[in-house]
Colleague: 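Got a structure for you, written out below as structure tokens; questions coming shortly.
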Amino acid sequence: MKRIGILTSGGDAPGMNAAIRAAVRTALYHDMEIIGIERGYEGLIEGSFRGMDLASVGDILHRGGTVLKTARSERFMTEEGQLEAMNNLEKCGIEGIIVCGGDGSYRGAAELSRRGVPVIGIPGTIDNDMGYTDYTIGYDTAVNTVLDAISMLRDTTSSHERTTILEVMGRDCGDIALYAGLTGGADGILIPELPVDLDELAAKLEEGMARGKNHSLIIKAEGVDISVEELKRELDKRTNLDIRTVVLAYLQRGGSPTARDRMLATLTANKAVELLRNDEYGYAVGTVRGEVIKMPLEKAVAIKREADLYLIPMIDMLSR
Ligand code: F6P
């Protein structure tokens, strides 16, 4: 292929810019043309395209967000939207595209692929909810952002001898909560992959306080079917703790990507261009145990992420 496109789609994730940079510079190195498609599938439908040169991706490697902008496109879910997108690709002579996004974006990519468009997916989401790859771009930065928040919350929580409930993102996946909770020393972790036992949690917190702990921290994933306010109310009923709640929300999506996220973005975007260059497409690119892998998009979309539940006993063991 000699002319390809790249778009970022769904929620932005730190490292998307590193992926754009790697894709653009790999393509240009091979004398391929690369077109930036703005606002994800929306830009594909509207024909919002711009040529990318070496300078267009200068000074973005360390920045969060995405210079191509992103969107969640309702229109792209319709047949009409998809046909319009394909029409624009053909008009512009774009032979294949790279889609950087999460599972919703991948479903769109698989649909385009079914319709005959050469597509490669690279995993861009803070949620880490894609089963075919060990990590997604943005997840490591989000976990580190949560850790920073935990450190700051600990200062005030311990000074006031309180309990803080912190809600983190992740959609239906508990990975951000689980990993930030374990590495941040949380006393309780609530993830959608496990049932919530309020009595058990309350007893654990009370027991800790009785043993001389002066504060505690609970991390709750947003996908757990109880709001932070409800959780506080339920724990208020069961304990004498002084509880505060914090929802970290979009702060988790910003910030300079960590080295791990930049590496994952660089490796997967580079591989995506190499595949298109060799006329190989219809794949999702990711990493498994540190190795860059490719898997048919349809298959990758169907793999559900399993939570690392073996970590749970360790959390109980260590948060004492
Ligand atoms: O998928 C990334 C994510 O940040 C989720 O963790 C969260 O549930 C969702 O996006 C929020 O989406 P929006 O930006 O549309 O509010």
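Remember, it's 1-based here, ligands and their atoms both numbered in the order they're listed. Worth saying up front: this structure is predicted, and the values here are computed from it rather than measured.
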Colleague: Which heavy atom in Thr125 sits nearest to a heavy atom in Thr136, and how many Å separate them?
Modeller: O-OG1, 2.6 Å

Colleague: Just need the protein heavy atom nearest to atom 4 (O) of ligand 1, so name the residue and atom and give the distance.
Modeller: Arg253 NH1, 2.7 Å

Colleague: Between Val196 and Asp225, is there a side-chain heavy-atom distance shorter than 4.5 Å?
Modeller: no

Colleague: Which of the atoms in ligand 1, numbered in the order shown and given with their element, are less than 4.0 Å from a heavy-atom of Arg171?
Modeller: 1 (O), 6 (O), 9 (C), 10 (O)

Colleague: Give the contacting part of Gln252 toward ligand 1: side chain, backbone, both or neither, where contact means a heavy-atom distance below 4.0 Å.
Modeller: neither

Colleague: Short list, please: which atoms of ligand 1 are under 4.0 Å from a heavy atom of Met169?
Modeller: 4 (O), 6 (O)

Colleague: Out of all atoms in ligand 1, which are within 4.0 Å of some heavy atom of Arg72? Include the element for each.
Modeller: 9 (C), 10 (O), 11 (C), 12 (O), 13 (P), 14 (O), 15 (O)

Colleague: Does any non-hydrogen side-chain atom of Ile137 lie less than 4.5 Å from one of Thr268?
Modeller: yes

Colleague: Heavy-atom contacts with Glu222 under 4.0 Å: which atoms of ligand 1 show up? List them by number with element.
Modeller: 5 (C), 6 (O), 7 (C), 8 (O)

Colleague: Please list, in number order, the atoms of ligand 1 under 4.0 Å from a heavy atom of Tyr250.
Modeller: 13 (P), 14 (O), 16 (O)

Colleague: Please list, in number order, the atoms of ligand 1 under 4.0 Å from a heavy atom of Gly170.
Modeller: 6 (O)

Colleague: For atom 6 (O) of ligand 1, what is the closest protein heavy atom, and at what distance to 0.1 Å?
Modeller: Asp127 OD1, 2.7 Å

Colleague: Hey, what else clusters with Met77 if you join Ile, Leu, Val, Met, Phe, Trp, Tyr whenever side-chain heavy atoms sit under 4.5 Å?
Modeller: none

Colleague: Any atom of ligand 1 sitting under 4.0 Å from a heavy atom of Gly10?
Modeller: no

Colleague: Grab the two heavy atoms, one from Arg75 and one from Glu46, that are nearest each other, plus how far apart they are.
Modeller: NH2-OE2, 2.7 Å

Colleague: Would you list the pairs meeting side chain to side chain donor-acceptor pair (under 3.5 Å) in which at least one residue belongs to residues 285-301, sequence neighbours left out?
Modeller: Arg114-Glu298

Colleague: Distance only, no hydrogens: is a donor on one side chain within 3.5 Å (strictly under) of an acceptor on the other, for Thr157 and Thr164?
Modeller: yes

